[in-house]
S.K.: 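Attaching a single structure in C-alpha cells format; questions to follow.
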2 protein chains.
Amino acid sequence: MSHLLKEHIGAISPLSDEEFDYILSHFVFKKLKKHAFLVQEGNSVKYEYFVLKGCLKAYMTDSNTGKEFIYQFGVEDWWITDREAFFKQSTATINIDCLEDSEVLGITLENREKLVTEMRKYEHFVAVKANLGYISLQKRLQLMIMGSVKERYENFIQQYPHLINRIPKSLIASYLGVSRETLSRLYRS
Amino acid sequence: MSHLLKEHIGAISPLSDEEFDYILSHFVFKKLKKHAFLVQEGNSVKYEYFVLKGCLKAYMTDSNTGKEFIYQFGVEDWWITDREAFFKQSTATINIDCLEDSEVLGITLENREKLVTEMRKYEHFVAVKANLGYISLQKRLQLMIMGSVKERYENFIQQYPHLINRIPKSLIASYLGVSRETLSRLYRS
DNA sequence: TTGATTTTGTGATAAAAGTCACATCAGGAA
DNA sequence: TTCCTGATGTGACTTTTATCACAAAATCAA
C-alpha cells in the first residue's frame with residue numbers, strides 16, 4: 001500500500017502497513033476549495049495538518065500597516081498549522097488559507113499525544129521533525145539577516161523550484177520579506 | 001536541594017531529588033574563561049550546553065563579507081549549541097565563545113537519547129522545549145521581516161532587559177540584523 | 001468568448017539603512 | 001596613575017529598498 005503520509009513518516013521511522021493504518025485512523029480528512037480558510041485568526045486551532053494535495057499559505061497581518069507576512073507555504077508532503085495556538089490550545093494569531101483546491105489530513109493534539117505515547121516510532125518521527133524544523137527556520141533567519149534580497153530569492157528557487165511558477169511572485173516576495181517591485185526588478189540583465 | 005538546572009527542568013516536568021541527581025549524572029561540568037571557545041567552526045560538536053553562569057554568543061561568519069551574525073546569546077538558564085551539528089553529529093558551522101567567564105553543563109547526544117528513552121519526564125521536557133524554541137524563533141523571524149529596527153530593539157529590551165547593559169551594543173546590533181551605527185542613532189530625541 | 005480581476009513590470013521619488021571616518025569615553029592592565 | 005583597547009556617538013555620503021503610479025499581460029469566471 002502506498003500513501004503520501006506513510007512515505008513521509010517512513011522516511012524517518014519505517015512503518016508496517018498495520019502500524020500506518022493505526023496512525024492514519026487518528027487523522028481526519030478535509031477537502032477545501034481555493035480561498036477557503038483552514039485556520040482563522042481568533043479561532044481555536046484543533047488540528048495540525050499534513051498536506052496531501054494543493055497549496056496553502058500561512059500568514060500574519062500587521063495590525064498597524066495591514067500588510068501581511070507569509071511565514072510558510074504548504075504543499076504536498078508538508079505540515080502546516082498555527083503551531084503556537086495548536087500546542088498551547090489557544091486561539092490563532094495567524095491565518096491559513098488555500099491558494100488552490102486542497103486536501104489535508106488533520107490530527108488533534110490529543111491524538112498526537114496518544115500516538116506519541118503509544119508508539120516509539122511516532123515519537124521518534126515527531127522529535128526528528130521538530131529538530132529539522134528548528135534547524136531550517138534558523139537557516140531562514142540567518143539568510144534573512146545576512147543575505148541580500150538576491151541571495152534570498154536564489155535560495156528560494158533552489159529550495160523550492162516547483163513553487164516558482166505555482167505561486168504569485170507577490171506572495172513569494174512577502175515570504176522573502178521584500179516588496180514585490182524589488183523582487184521583480186532583480187533580474188533586469 | 002536547589003540547582004539551576006533542576007528548577008529549569010522542573011518548571012516543565014517536576015522532579016524528585018533522586019530523579020534530578022540521575023539526570024545530572026549525565027552532564028559534564030565545564031568552566032571557561034572570557035574569550036574561550038565552547039564550539040568552533042569545523043570541529044565536531046559533542047555536547048549541548050546548559051549555561052549555569054556567565055554569557056556566551058553563538059555566531060556565524062559570512063564567508064564573503066567576513067561579517068558576523070549573532071544568532072543567539074546564552075546566559076544563565078539558557079541552552080546553547082550548534083544544533084544542526086549536534087543532532088546530525090557533523091562538524092560545526094558556527095562558533096560559540098564566552099563574553100564573560102562562564103560555567104556550563106554539557107550533555108552528549110548519546111546521554112540525551114538515553115535519558116529521553118529512560119525517563120518519560122525528560123522526554124516531555126525535551127519535546128516541550130523544542131516546541132517553545134521553534135515558536136520563539138518564528139516570532140523572531142516575523143519581527144525581523146515585519147518590524148522596523150526600532151520595534152526590533154524595543155522588543156529586545158522588553159524580552160531581555162538584563163542583557164542591555166551586559167552586552168556591547170555592537171553585538172546586540174548584530175543580533176538584530178542592523179549596523180551598530182543605525183542602532184546607536186535610534187534614540188536621538 | 002469576453003469582460004473583469006489579478007499578476008507582473010517599470011519609472012520616479014522618498015525613506016531607511018549601510019559605510020567610512022573620526023572623536024570621545026569608559027574600563028582594564030601594567 | 002597612565003596607557004591602551006574596545007565601546008559608543010555622530011557627521012557626510014552612498015546604496016538599497018519601499019512606495020506610488022500606471023500600463024501591459026495573463027488568468028479566471030460567466
Side-chain angles (χ1 to χ4, degrees), chain A residues 32-36 54-57 59 61-62 64-70 73 97-102 141-157 163-189, chain B residues 33-36 54-57 59 61-62 64-70 73 97-102 141-157 160 163-189:
Chain A
L32 298 136
K33 288 266 169 217
K34 183 170 176 175
H35 296 130
C55 182
L56 305 96
K57 68 172 201 263
Y59 60 100
T61 308
D62 186 285
N64 302 318
T65 63
K67 269 188 267 177
E68 70 179 48
F69 150 58
I70 293 176
F73 294 112
D97 65 37
C98 300
L99 299 175
E100 305 171 0
D101 293 354
S102 302
L141 181 67
Q142 184 197 349
L143 203 60
M144 194 60 64
I145 293 182
M146 297 218 302
S148 64
V149 173
K150 192 161 181 173
E151 282 174 302
R152 278 182 257 161
Y153 187 53
E154 278 167 1
N155 180 270
F156 186 91
I157 292 172
L163 295 186
I164 298 295
N165 294 310
R166 190 171 173 184
I167 295 176
K169 300 284 182 295
S170 59
L171 298 183
I172 294 176
S174 165
Y175 178 87
L176 297 175
V178 75
S179 71
R180 62 161 201 87
E181 291 94 333
T182 299
L183 187 67
S184 163
R185 277 188 260 257
L186 271 187
Y187 288 99
R188 297 203 288 189
S189 67
Chain B
K33 288 267 169 218
K34 184 171 174 173
H35 296 131
C55 184
L56 305 97
K57 68 171 203 263
Y59 60 100
T61 308
D62 186 286
N64 302 318
T65 64
K67 270 189 264 177
E68 70 179 45
F69 150 57
I70 294 176
F73 293 113
D97 65 38
C98 301
L99 299 176
E100 305 170 359
D101 293 354
S102 302
L141 181 67
Q142 184 197 347
L143 203 60
M144 195 59 65
I145 293 183
M146 298 216 303
S148 64
V149 172
K150 191 162 183 173
E151 282 174 302
R152 277 181 257 162
Y153 187 53
E154 278 166 1
N155 179 270
F156 186 91
I157 292 170
Y160 311 110
L163 295 186
I164 298 296
N165 294 312
R166 190 171 173 184
I167 295 175
K169 299 283 181 294
S170 59
L171 298 184
I172 295 176
S174 166
Y175 178 87
L176 297 175
V178 75
S179 72
R180 62 159 202 90
E181 291 94 334
T182 299
L183 188 68
S184 163
R185 277 188 260 257
L186 271 187
Y187 288 98
R188 296 203 288 187
S189 67

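Any value given below was found using the heavy atoms of this structure, including those in side chains, with hydrogens, waters and symmetry copies removed. Residue numbering restarts at 1 for every chain, and letters A, B, ... go by the order of the sequence lines.
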S.K.: Send over the distance from A/Asp62 CG to D/dA18 P, rounded to a whole Å.
M.R.: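 Rounded to whole Å, this separation is 15 Å.
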S.K.: With a cut-off of 3.5 Å and sequence neighbours excluded, list every side-chain donor-acceptor pair involving residues 169-178 of chain A.
M.R.:
| unit_1 | atom_1 | unit_2 | atom_2 | d |
| --- | --- | --- | --- | --- |
| A/Lys169 | NZ | A/Ile164 | O | 3.2 |
| A/Ser174 | OG | A/Glu68 | O | 3.2 |
| A/Ser174 | OG | A/Ile70 | N | 3.0 |

S.K.: Are the side chains of A/Thr61 and A/Lys67 in contact, using a 4.5 Å heavy-atom criterion?
M.R.: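 They are not in contact (no side-chain heavy atoms under 4.5 Å apart), so the answer is no.
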S.K.: Not counting sequence neighbours, which residues clear salt bridge (Lys or Arg N to Asp or Glu O under 4.0 Å) with A/Glu100? List them please.
M.R.: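 Per chain and number, A/Glu100 pairs via salt bridge (Lys or Arg N to Asp or Glu O under 4.0 Å) with A/Arg166.
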S.K.: Which residues within residues 170-181 of chain B lie with some heavy atom under 4.0 Å of an atom in DNA chain D?
M.R.: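 Residues of residues 170-181 of chain B that come under 4.0 Å of DNA chain D are, in numerical order, B/Ser170, B/Arg180, B/Glu181.
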S.K.: Measure the distance from CG on A/Leu99 to P on D/dC28 and round it to the nearest whole Å.
M.R.: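 So the two atoms are 12 Å apart, to the nearest Å.
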S.K.: Can you tell me how far P of C/dG28 sits from NE2 of B/His35, to the nearest Å?
M.R.: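 It works out to 12 Å between those atoms.
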S.K.: For B/Ser102 versus B/Gly54, what's the shortest heavy-atom pair and its separation?
M.R.: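 Closest approach of B/Ser102 to B/Gly54, heavy atoms only: OG-CA, 3.5 Å.
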S.K.: Hey, could you give me the CG/OH distance between B/Leu186 and B/Tyr153, rounded to the nearest 0.5 Å?
M.R.: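 B/Leu186 CG to B/Tyr153 OH: 7.5 Å, rounded to 0.5 Å.
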S.K.: So for the helix from C/dT1-D/dA30 to C/dA30-D/dT1, with five pairs setting each end axis, what is the inter-axis angle to 10°?
M.R.: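 So the angle between the two local helix axes works out to 50°.
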S.K.: Could you go through A/Phe73 and A/Leu56, starting from their C-alpha distance and side-chain angles, then the distance that decides it, and tell me whether this counts as side-chain contact (heavy atoms from CB on, under 4.5 Å)?
M.R.: CA-CA 6 Å; A/Phe73 294 112; A/Leu56 305 96; over 6 Å; no
S.K.: Ignoring hydrogens and angles, are the base of C/dG11 and the side chain of A/Arg185 linked by a donor-acceptor pair under 3.5 Å?
M.R.: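 In this structure, the two groups form a donor-acceptor pair.
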S.K.: If you round to the nearest 0.5 Å, how far is CE of B/Met144 from CG of A/Leu141?
M.R.: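 Rounded to the nearest 0.5 Å, the CG-CE separation comes out at 5.5 Å.
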S.K.: Starting at atom CG of B/Leu186, determine the distance to atom P of C/dG18, rounded to an integer number of angstrom.
M.R.: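 B/Leu186 atom CG is separated from C/dG18 atom P by 10 Å.
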S.K.: Give me the residues of residues 141-154 of chain B where at least one heavy atom lies under 4.0 Å from an atom of DNA chain D, by number, or none.
M.R.: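 Output list: empty, so none.
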S.K.: A/Leu183 has an atom CG; how far is it from atom P of C/dT10, in whole Å?
M.R.: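 Atom-to-atom, A/Leu183 to C/dT10, this comes out as 13 Å.
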S.K.: As an exercise, state the distance from NZ of A/Lys150 to CZ of A/Arg185, rounded to the nearest 0.5 Å.
M.R.: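 The NZ atom of A/Lys150 sits 15.0 Å away from the CZ atom of A/Arg185.
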S.K.: Please identify each residue that fulfils side chain to side chain donor-acceptor pair (under 3.5 Å) with B/Glu154, with sequence neighbours left out.
M.R.: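 Once residues adjacent in sequence are excluded, the partners of B/Glu154 under the side chain to side chain donor-acceptor pair (under 3.5 Å) criterion are B/Tyr187.
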S.K.: Rounded to the nearest 0.5 Å, how far does CE of B/Met146 lie from CG of A/Asp62?
M.R.: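 One gets 4.5 Å once the value is rounded to the nearest 0.5 Å.
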S.K.: What is the distance, to the nearest angstrom, from the NZ atom on A/Lys169 to the P atom on C/dG9?
M.R.: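 Rounding to the nearest Å, NZ of A/Lys169 and P of C/dG9 are 7 Å apart.
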S.K.: Given C/dG18, C/dT7, C/dT10, which nucleotide is nearest the side-chain atoms of A/Ser184?
M.R.: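 Shortest atom-to-atom distance from the side chain points to C/dT10.
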S.K.: Please round to the nearest 0.5 Å and tell me the distance separating atom CG of A/Leu99 and atom NE2 of A/His35.
M.R.: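 The NE2 atom of A/His35 is 8.0 Å from CG of A/Leu99, to the nearest 0.5 Å.
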S.K.: Quick one: A/Arg166 CZ to C/dT7 P, roughly how many Å, whole number?
M.R.: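 After rounding, the gap between these two atoms is 15 Å.
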S.K.: Nearest to the side chain of B/Lys67, which nucleotide is it out of D/dT8, D/dT19, C/dG18?
M.R.: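 That would be C/dG18.
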